[in-house]
S.K.: 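The structure under discussion is supplied below as structure tokens; questions concerning it will follow.
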Amino acid sequence: MKRRTVHALFGVATLAFASLTTFNLVTLNRAERVNRAIAQASLTEADLSVPEARFAQAIALARQGQADAAIDAYKEQALGKRPDLRLAALYNLGNLYLREAQKEATDESTPALPLIELAKQSYRDLLRSEPNYWDARYNLERALWLAPEVEDPIIHVDQLPHA
């Protein structure tokens, strides 16, 4: 009886390790497929189920000059549940808005203000979650330098000194 118990435990352990090995092989195969697709910048629908692949697709779209598609992909990642990808997406989104603002500028002194405002908002959203993200702080400062925020010059009646 003792020998049967030992053999049964060994069989159960062998099945458990075999299933774990199979799971790891499937995961490794999927990761290799996603890495190949990212390297070739040709992601299929199956590869896009992996959040890292969708993020890589957004980067590839931005590099290819497809700003609108990249913005949509980054926004999707910014709304996601993964905090690491969310922060990176917000940072890249702000950078993309700044680059697009500089491209759309009629001359070097007047960049596209709505895009700069979107970039500032993206950096602020990021800094609310991660206040010590220094690259975002620097880029927010650059955006503020390009389009400073001016206080409303209208003085409200209740702010006037009473005589």
Side-chain angles (χ1 to χ4, degrees), residues 19-156 158-159:
S19 62
L20 185 62
T21 302
T22 303
F23 173 76
N24 285 333
L25 284 174
V26 168
T27 305
L28 177 64
N29 184 23
R30 185 176 186 185
E32 286 175 347
R33 189 180 75 225
V34 169
N35 286 340
R36 274 194 310 273
I38 290 170
Q40 297 169 355
S42 61
L43 297 172
T44 63
E45 200 62 37
D47 298 330
L48 290 177
S49 64
V50 180
E52 290 87 353
R54 288 195 311 269
F55 187 78
Q57 182 191 33
I59 292 172
L61 289 170
R63 286 183 182 155
Q64 294 170 358
Q66 299 177 16
D68 292 335
I71 287 171
D72 291 340
Y74 282 136
K75 283 181 180 178
E76 179 186 334
Q77 290 289 314
L79 296 174
K81 296 181 181 183
R82 296 256 321 258
D84 57 339
L85 292 179
R86 182 180 176 280
L87 295 177
L90 285 171
Y91 179 71
N92 287 355
L93 187 60
N95 290 344
L96 185 58
Y97 281 137
L98 270 182
R99 268 187 253 118
E100 289 301 309
Q102 291 171 345
K103 282 183 191 175
E104 288 187 15
T106 54
D107 63 333
E108 292 181 16
S109 62
T110 58
L113 292 178
L115 291 173
I116 293 176
E117 292 301 321
L118 289 170
K120 290 193 288 191
Q121 185 60 45
S122 181
Y123 293 133
R124 285 184 177 126
D125 291 343
L126 166 62
L127 290 170
R128 274 189 206 98
S129 298
E130 185 64 40
N132 293 327
Y133 203 114
W134 291 103
D135 292 339
R137 284 178 179 259
Y138 174 79
N139 287 355
L140 176 60
E141 186 176 334
R142 278 188 62 209
L144 286 168
W145 184 77
L146 289 171
E149 295 180 353
V150 181
E151 300 243 351
D152 193 6
I154 299 174
I155 299 175
H156 297 285
D158 60 339
Q159 293 177 339

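Just so you know, these numbers come straight off a predicted model, no measurement behind them.
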S.K.: For residues Ile59 and Phe55, determine if any side-chain heavy atom of one lies less than 4.5 Å from a side-chain heavy atom of the other.
M.R.: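 Yes. Closest side-chain heavy atoms under 4.5 Å.
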
S.K.: Indicate whether the side chain of Tyr74 and that of Asn95 have a donor and an acceptor atom separated by less than 3.5 Å.
M.R.: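 No - no donor-acceptor pair under 3.5 Å links their side chains.
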
S.K.: Check whether any side-chain heavy atom of Arg124 sits under 4.5 Å from a side-chain heavy atom of Leu127, and report yes or no.
M.R.: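 Contact flag for Arg124/Leu127 side chains = no.
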
S.K.: Treating Arg137 as the side-chain partner and Pro131 as the backbone partner, does any N or O pair qualify as donor plus acceptor under 3.5 Å?
M.R.: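 Here the side-chain-to-backbone pair exists.
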
S.K.: Could you tell me whether a side-chain N or O of Ser122 sits under 3.5 Å from a main-chain N or O of Leu90, the two making a donor and an acceptor?
M.R.: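 Judged by distance alone, yes, a pair lies under 3.5 Å.
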
S.K.: Does Glu141 CD have over 12 foreign heavy atoms under 6.0 Å away?
M.R.: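 Open: at most 12 neighbouring heavy atoms sit under 6.0 Å from CD of Glu141.
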
S.K.: Taking all non-hydrogen atoms of both residues, which atom of Ala73 and which atom of Ala58 are closest, and how far apart?
M.R.: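 Shortest heavy-atom separation between Ala73 and Ala58 comes out as CB-CB, 3.5 Å.
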
S.K.: Indicate yes or no: does Asp72 engage Lys75 in a salt bridge with an N to O separation below 4.0 Å.
M.R.: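 The answer is no: the pair does not qualify as a salt bridge.
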
S.K.: Indicate the atoms forming the closest heavy-atom contact of Ala147 with Lys120, along with that distance.
M.R.: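 For Ala147 and Lys120, the tightest heavy-atom pair comes out as O-NZ, 2.8 Å.
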
S.K.: May I ask you to establish whether Arg142 and Trp145 are in a cation-pi arrangement, using a distance under 6.0 Å from NZ or CZ to the six-membered ring centre and at most 45° from the ring axis?
M.R.: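 No - Arg142 does not lie over the ring of Trp145 by the 6.0 Å and 45° rule.
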
S.K.: Could you report the tightest heavy-atom contact between Gly94 and Ala119, atom names first, then the distance?
M.R.: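 Minimum heavy-atom contact is O-CB, 3.4 Å.
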
S.K.: If I take atom CG from residue Leu61 and atom CD1 from residue Ile71, how far apart are they, to the nearest 0.5 angstrom?
M.R.: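 Nearest 0.5 Å value for the CG-CD1 distance: 11.0 Å.
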
S.K.: Assess the residue pair Asn132 and Trp134 against the criterion (side chain to side chain contact (heavy atoms under 4.5 Å, CB included)); give the C-alpha distance rounded to whole Å, side-chain angles, the decisive distance to 0.1 Å, and a yes or no.
M.R.: CA-CA 6 Å; Asn132 293 327; Trp134 291 103; 4.3 Å; yes

S.K.: Kindly give the heavy-atom pair with the smallest separation between Ala67 and Leu96, and that separation in Å.
M.R.: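 Answer, listing the atom of Ala67 first, then Leu96: O-CD2, 3.9 Å.
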
S.K.: For Tyr97 versus Leu115, what's the shortest heavy-atom pair and its separation?
M.R.: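 In terms of heavy atoms, the two residues are closest at CB-O, 3.5 Å.
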
S.K.: Could you give the distance from CG (Leu28) to OG1 (Thr21), rounded to the nearest 0.5 Å?
M.R.: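 So the CG of Leu28 and the OG1 of Thr21 are separated by 12.0 Å.
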
S.K.: Has Arg128 got more than 12 heavy atoms of other residues, nucleotides or ligands less than 6.0 Å from its CZ?
M.R.: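 Above 12, so yes.
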
S.K.: Atom CG of residue position Asn24 - does it have more than 12 heavy atoms of other residues, nucleotides or ligands inside 6.0 Å?
M.R.: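 Counting other residues, nucleotides and ligands, CG of Asn24 exceeds 12 neighbours.
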
S.K.: Any side-chain heavy-atom pair from Tyr123 and Tyr91 closer than 4.5 angstrom?
M.R.: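 Yes; the side chains approach each other to less than 4.5 Å.
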
S.K.: Kindly say whether Ala78 contributes a backbone atom to a donor-acceptor pair with the side chain of Arg86 at under 3.5 angstrom?
M.R.: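 Checked: pair present.
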
S.K.: A side-chain contact here means heavy atoms from C-beta on lying under 4.5 Å apart; do Leu146 and Leu98 qualify?
M.R.: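 Yes, close enough: below the 4.5 Å cut-off.
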
